[in-house]
Amino acid sequence: SAQYCVPHWRLDTPQHTLSADHIVYCTGASSPQQPLLAALPWQLIRGQTNLATATAYTGRLKTALSAASYISPAWEGRHCYGASFVPHDACGDWRDSEAEHNRQELARLHPQLAAELTAAPTVNGHAAVRCDSPDHLPTVGPVADSCPYLPNVWVNSAHGSRGLATAPWCAESIAARILGLPDPLSRRLREALHPNRHIVRALVRQYEGGR
């Protein structure tokens with residue numbers, strides 16, 4: 001838990017009590033459970049990938065293939081492919097039905113790769129929960145407490161299935177703002193990702209509806 005004790009935040013964990021000038025929530029699918037973030041709109045999306053042992057043929061793949069599904073080149077002798085996409089599902093258990101769905105999608109993407117990997121020894125993949133927002137844009141920036149901002153509290157979340165590409169850029173933006181350095185994101189992008197954008201849109205709709 002976090003409590004503001006001027007001029008610092010006090011963080012209580014099961015093992016320690018810490019003091020911090022700034023807090024950055026990079027909490028992914030657990031964002032809705034964080035008290036300071038609970039008012040923001042979140043959307044949880046379950047996903048599952050398959051792993052399959054590479055063959056001589058599939059090992060020749062040198063780049064990721066992507067359409068409705070994807071497959072990556074072999075790493076340590078295995079290919080990862082998928083992934084399922086189940087909105088409003090926060091369960092991270094393994095499901096054979098989604099594994100079969102991924103195999104069918106791979107067959108549509110590249111029938112010969114699918115035939116090779118179906119015949120090869122199979123290994124279970126990975127199931128987890130993505131964190132997204134209603135407009136499918138990351139939620140990045142200062143966290144508000146109604147109208148005023150909470151002092152030195154930031155969020156970098158809701159990256160959906162694009163986190164490897166978007167999260168580092170957003171982290172650099174937050175770090176730049178904390179340190180007073182040039183921001184790598186334009187003002188237009190910062191406004192598009194701002195946590196308060198949903199509140200602003202709701203107020204605009206309310207105003208337009210009452211005219």
Side-chain angles (χ1 to χ4, degrees), residues 24-32 41-141 155-175 184-186 188-190 192-193 197:
V24 182
Y25 282 92
C26 306
T27 40
S30 66
S31 295
W42 305 102
Q43 180 174 332
L44 301 184
I45 305 172
R46 171 189 162 80
Q48 181 173 302
T49 58
N50 289 21
L51 290 177
T53 303
T55 68
Y57 174 77
T58 68
R60 292 159 53 192
L61 184 66
K62 300 302 181 183
T63 187
L65 302 180
S66 178
S69 63
Y70 73 88
I71 180 171
S72 62
W75 184 70
E76 296 187 347
R78 295 176 179 177
H79 293 279
C80 176
Y81 67 93
S84 61
F85 190 91
V86 187
H88 312 297
D89 190 333
C91 186
D93 60 331
W94 176 263
R95 297 176 186 172
D96 291 335
S97 60
E98 290 182 38
E100 178 59 27
H101 166 80
N102 288 342
R103 286 189 285 268
Q104 293 174 2
E105 290 298 316
L106 179 62
R108 294 186 181 94
L109 176 66
H110 197 294
Q112 191 168 355
L113 283 173
E116 288 270 336
L117 294 177
T118 299
T122 59
V123 185
N124 281 355
H126 176 68
V129 181
R130 310 174 183 96
C131 182
D132 204 352
S133 65
D135 58 9
H136 305 299
L137 290 174
T139 296
V140 180
V155 60
N156 182 10
S157 191
H159 293 275
S161 58
R162 306 168 303 277
L164 288 176
T166 58
W169 281 105
C170 293
E172 185 175 349
S173 173
I174 290 176
L185 302 183
S186 68
R188 180 171 176 268
L189 274 177
R190 293 197 301 271
L193 306 180
R197 67 186 185 270

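From a predicted model like this one, the values you see are computed outputs, not experimental measurements.
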Notebook entry, point to check: Step by step, would you call L51 with W75 a side chain to side chain contact (heavy atoms under 4.5 Å, CB included)?
Noted result: CA-CA 10 Å; L51 290 177; W75 184 70; over 6 Å; no

Would you give the length of the straight line joining atom [atom1] of [X] to atom [atom2] of [Y], rounded to the nearest 0.5 angstrom?
X: T55; Y: R60; atom1: OG1; atom2: CZ; answer: 9.5 Å
X: T58; Y: H79; atom1: OG1; atom2: NE2; answer: 3.0 Å
X: S84; Y: D89; atom1: OG; atom2: CG; answer: 9.0 Å
X: N156; Y: Y25; atom1: CG; atom2: OH; answer: 14.0 Å
X: R130; Y: L44; atom1: CZ; atom2: CG; answer: 11.5 Å
X: L113; Y: L106; atom1: CG; atom2: CG; answer: 6.5 Å

Next item on the list: Using a cut-off of 6.0 Å, state whether more than 12 heavy atoms not belonging to W94 lie near its atom CH2.
Entry: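 Atom CH2 in W94 is crowded, with more than 12 foreign heavy atoms closer than 6.0 Å.
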
Might you point out which heavy atoms bring [X] and [Y] nearest each other, and give the distance in Å?
X: Y81; Y: N102; result: CE1-O, 3.7 Å
X: G28; Y: S157; result: N-OG, 3.5 Å
X: E172; Y: P184; result: CG-CG, 3.9 Å
X: L137; Y: A192; result: CD1-O, 3.8 Å

pair [X]-[Y]: side-chain heavy atoms closer than 4.5 Å:
X: V86; Y: E98; value: yes
X: R108; Y: S69; value: no
X: P73; Y: K62; value: no
X: I71; Y: L117; value: yes

Notebook entry, point to check: Just by modelled atom types, is the A99 backbone N or O under 3.5 Å from a matching donor or acceptor in the N50 side chain?
Noted result: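 Judged by distance alone, yes, a pair lies under 3.5 Å.
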
Notebook entry, point to check: Just checking, is any N or O donor in the side chain of R197 or S133 under 3.5 Å from an acceptor N or O on the other one?
Noted result: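 Yes, side-chain donor-acceptor contact under 3.5 Å.
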
Margin query: Quick one about Q104 and E100 (side-chain donor to acceptor, distance below 3.5 Å, no hydrogens or angles considered), yes or no?
Written below: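 Yes, because at least one side-chain N or O of E100 sits under 3.5 Å from a partner of the opposite role on Q104.
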
